[in-house]
Amino acid sequence: MPESSAKGRQKSCLPDGAGSAKRRLERKNQFFIRLFMEKFDVIVVGAGLAGLAAAWTLAGEGVEVVVLERGDYPGAKNVSGGRLYLNPVRDLFPGLWDEAPLERAIVREGASLMARNRSVTFHYTGSELRSDTPQSFSVLRSKFDRWFSERVEERGGMILAKTLVTDLLHENGRVCGVVAGGDELRADVVVACDGVLSLIPERAGLRAPGRPHDYAVGIKEVIQLDRNRINDRFNVADGEGAAHLYAGDITKGLFGGGFLYTNAESVSLGLVVSIEDIAREAAAGDAPSLFEAFKARPEIEPLIRGGQTVEYGAHVIPEGGYRSLSRLAGDGILVAGDSAGFALNLGFTVRGMEYALASGYYAAKAVIEAKKAGRYDAATLAVYRQSLEESFVLHDFQTFKDTPQVLANPHLFGHYPELIGNLMRDLYTVPAGPKSPIFTTLRRHLTLGELWTMLMDAKGVTKI
Ligand SMILES: Cc1cc2nc3c(=O)[nH]c(=O)nc-3n(C[C@H](O)[C@H](O)[C@H](O)COP(=O)(O)OP(=O)(O)OC[C@H]3O[C@@H](n4cnc5c(N)ncnc54)[C@H](O)[C@@H]3O)c2cc1C
């Protein structure tokens, strides 16, 4: 029995005048009776962004929804780099963003190619990044998810934390609920939003077991730093932030990279590396040791100097792209967010959060349609996939369907960062004797063989 359900069954001992608190408790009790004795409209598994987006949308339309979350509270178990692009999801959640605990609007972009002993960096900033509706913000998931779950509860949705879902319930070949804490909980439809390691799509027959090739592991620290120090070090003002991605020797040439996002009073620093690559290349070291070496790099250490690590997390990321997506709907079940495989790494952007939010939203809309029709079979719920196809979600996954294969090219993370680093070294070096002409320096590095390799690699890049 989930811990919180025992609390919920206690009889109210509040005086009659206790107003809304008493009413809330009574409502909660009715919820528990419905949940454990009868049936709910919708059970959402997982209070991450996908699950909360689904519940927020359902509760807003008066649908009875309960979110089951294994963590102590929503956000307790959620790791993300922490950059949320709002443009694609702003209109799906009207009124949500004005009060949301967003950290800083990203107004400076940076990217570095990291060679063994040097690096090449570019920065970008533009007036559109400083507009009244900035395109992206840094967020801290432990804060954001908790806040979002409170908004769901305000709309009448129920969140049950400390509740681990262990299995699906089936009846006549369709999903009709879940098993949680040993209890069987029934619903018209289950929305699986339980993240990247979800077993639910497999149990529902919607996906084959995952392959290491389709996943990366990410390690992230939140490092507390004084607000003014952040402003000075990253050349931003209060409320403004910087985002920086790093690729190359920091993953020992393996597919992956590093990220740094500034929050209001901390920075999120992390490293992501392909699970298949790191298992194959033992000499590269493990992910934690790569991360420690990344932190110690002269490009990084001064940025976090004097800071205190207040959060450390490791998490898996789905990176298989379009070809690794789960089937999205079955009889009595929908799959959203990481659970379906909705995360996309394009090298210069890592996106999963707005796909989670949007897929949760469209899953909720499909349930609302199904409720009107009074049918929850796969054919009725297929409207979910259609909506995703018409939205940015499946458009993006189709557009970038070849990206995982192209980015798997080891030249991109090993050879080119060294090549460009060495070229820059020779261009910038002033020797004791005469300096070579620039063309001679270019020719020394960009040989015919090198140019041919680049041409071949560029053929792959045209697919992304
Ligand atoms: C290191 C790292 C960096 C990233 N950087 C970015 C970034 O900068 N921008 C971006 O957009 N995306 C980023 N991502 C991806 C992004 O974090 C995910 O795509 C997104 O969080 C997915 O949301 P979700 O709701 O599907 O899953 P999650 O946020 O993982 O939520 C799943 C929830 O389900 C719960 N749960 C799991 N199993 C059960 C169960 N059996 N019973 C009950 N509850 C369960 C979990 O506790 C969790 O709360 C990053 C990911 C990582 C790991």
Side-chain angles (χ1 to χ4, degrees), residues 2 43-55 66-86 88-89 106 136-142 144-146 148-149 159-168 178-181 185 190-200 203 215-222 243-245 256-261 268-273 275 287 291 311-319 326 335-346 348-360 363 396:
I43 290 177
V44 173
V45 185
L49 293 184
L52 293 170
V66 63
V67 185
L68 307 178
E69 165 57 45
R70 68 180 169 165
D72 287 351
Y73 57 87
K77 299 241 174 211
N78 299 348
V79 176
S80 187
R83 179 177 190 174
L84 175 62
Y85 291 89
L86 271 196
V89 292
I106 302 300
S136 75
F137 288 85
S138 50
V139 291
L140 287 169
R141 290 290 299 278
S142 51
F144 185 87
D145 290 15
R146 211 167 185 172
F148 196 6
S149 72
I159 314 274
L160 278 188
K162 301 183 190 171
T163 306
L164 177 72
V165 171
T166 49
D167 211 346
L168 286 177
V178 299
V179 179
L185 311 178
V190 172
V191 186
C193 300
D194 49 333
V196 57
L197 296 179
S198 169
L199 289 177
I200 291 183
R203 297 255 163 90
Y215 299 97
V217 60
I219 295 189
K220 175 191 157 187
E221 276 185 21
V222 177
H244 204 113
L245 296 182
F259 59 83
L260 187 155
Y261 303 127
S268 294
L269 182 71
L271 187 97
V272 175
V273 62
I275 288 183
F291 180 60
E311 209 179 292
Y312 181 93
H315 210 274
V316 174
I317 311 175
E319 293 208 332
S326 142
V335 188
D338 274 9
S339 184
F342 284 135
L344 204 53
N345 182 351
L346 299 184
F348 55 95
T349 54
V350 181
R351 294 174 57 194
M353 290 197 277
E354 56 281 7
Y355 296 126
L357 286 163
S359 58
D396 282 0

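For the numbers below, each heavy atom of this structure counts, side chains included, while hydrogens, waters and symmetry mates do not. Whatever order the structure lists ligands and atoms in, that order sets their numbers, starting from 1.
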- Task: Step by step, work out the side-chain contact (heavy atoms from CB on, under 4.5 Å) result for D396 and L344.
- Result: CA-CA 9 Å; D396 282 0; L344 204 53; 4.2 Å; yes
- For A47 and D145, which heavy atoms make the closest approach, and how far apart are they? O-OD2, 4.0 Å
- for atom 32 (C) of ligand 1, nearest protein heavy atom and its distance come out as C193 O, 3.5 Å
- Query: S339 to ligand 1: N or O pair under 3.5 Å?
  - Reply: no
- For atom 15 (C) of ligand 1, which candidate among G352, S136, G82 holds the nearest heavy atom? G352
- atom 48 (C) of ligand 1: which protein heavy atom is closest, and how many Å away? N78 OD1, 3.0 Å
- Task: Give the numbers and elements of all ligand 1 atoms closer than 4.0 Å to a heavy atom of L49.
- Result: 25 (O)
- Message: Give me the nearest non-hydrogen protein atom to atom 41 (N) of ligand 1 as residue plus atom name, then the distance to 0.1 Å.
- Response: V165 O, 2.9 Å
- Message: Apply side-chain contact (heavy atoms from CB on, under 4.5 Å) to residues L185 and L68 and explain how you reach the verdict.
- Response: CA-CA 10 Å; L185 311 178; L68 307 178; 3.8 Å; yes
- What part of I317 sits under 4.0 Å from ligand 1 if we count only heavy atoms: the side chain, the backbone, both or neither? side chain
- Select one of side chain, backbone, both or neither to describe which atoms of S198 lie under 4.0 Å from any atom of ligand 1, heavy atoms only. neither
- Closest protein heavy atom (residue, atom, distance) for atom 4 (C) of ligand 1: G81 N, 2.8 Å
- Message: On a heavy-atom basis, which atom in R141 and which in G48 lie closest, and how many Å separate them?
- Response: NH2-CA, 3.9 Å
- May I ask you to check if ligand 1 and R141 share an N or O to N or O distance below 3.5 Å? yes
- Query: Got the closest protein heavy atom to atom 36 (N) of ligand 1, with its distance?
  - Reply: R70 NE, 3.5 Å
- Query: Can the positive tip of R83 be found less than 6.0 Å from the middle of the six-membered ring of F259, inside 45° of the ring normal?
  - Reply: no
- Task: Identify, by atom number and element, the atoms of ligand 1 in contact range of T163, meaning under 4.0 Å from any of its heavy atoms.
- Result: 42 (N), 43 (C)
- In ligand 1, which numbered atoms sit nearer than 4.0 Å to a non-hydrogen atom of E354? 11 (O)
- Query: Where on D145 is there a heavy atom closer than 4.0 Å to ligand 1, on the side chain, on the backbone, on both, or on neither?
  - Reply: neither
- Taking only heavy atoms of L68, which atoms of ligand 1 are found under 4.0 Å from at least one of them? 43 (C), 44 (N)
- Could you find the nearest protein heavy atom to atom 8 (O) of ligand 1 and give me its residue, atom name and distance? R83 N, 3.1 Å
- Compute the minimum heavy-atom distance from E69 to ligand 1 and say whether it is under 4.0 Å. yes
- Message: Quick check against the 3.5 Å criterion: does S339 have a side-chain atom that pairs as donor or acceptor with the backbone of V335?
- Response: no
- Which one of V350, D338, L344 has a non-hydrogen atom at the shortest distance from atom 19 (O) of ligand 1? D338
- Work out whether the distance between some heavy atom of Y261 and some atom of ligand 1 is less than 4.0 Å. yes
- If we number the atoms of ligand 1 from 1 as shown, the ones under 4.0 Å from a heavy atom of G48 are 25 (O), 29 (O), 31 (O), 33 (C), 49 (O)
- Query: With backbone taken as N, CA, C and O and side chain as the heavy atoms from C-beta onward, which portion of A50 lies under 4.0 Å from ligand 1: side chain, backbone, both, or neither?
  - Reply: both
- Check if G270 has a non-hydrogen atom at a distance under 4.0 Å from any atom of ligand 1. no
- Could you tell me the residue and atom name of the protein heavy atom closest to atom 37 (C) of ligand 1, and the distance to it rounded to 0.1 Å? D194 O, 3.1 Å
- Note on the structure: Taking every heavy atom of G51 against every heavy atom of V44, the minimum-distance pair comes out as CA-CG1, 3.5 Å
- Task: Say whether L84 and ligand 1 are in contact under the criterion: heavy-atom distance to a ligand atom below 4.0 Å.
- Result: no
- Message: Starting from atom 17 (O) of ligand 1, what is the nearest protein heavy atom, named by residue and atom, and what distance separates them?
- Response: S80 OG, 2.9 Å
- Item | Shortest reach to atom 27 (O) of ligand 1 by a heavy atom, considering only G337, G360, G195 | G195
- Note on the structure: Interatomic distance, OH@Y85 vs CG@L357, rounded to 0.5 Å, equals 14.5 Å
- Backbone or side-chain N or O of G218 under 3.5 Å from ligand 1 N or O: no
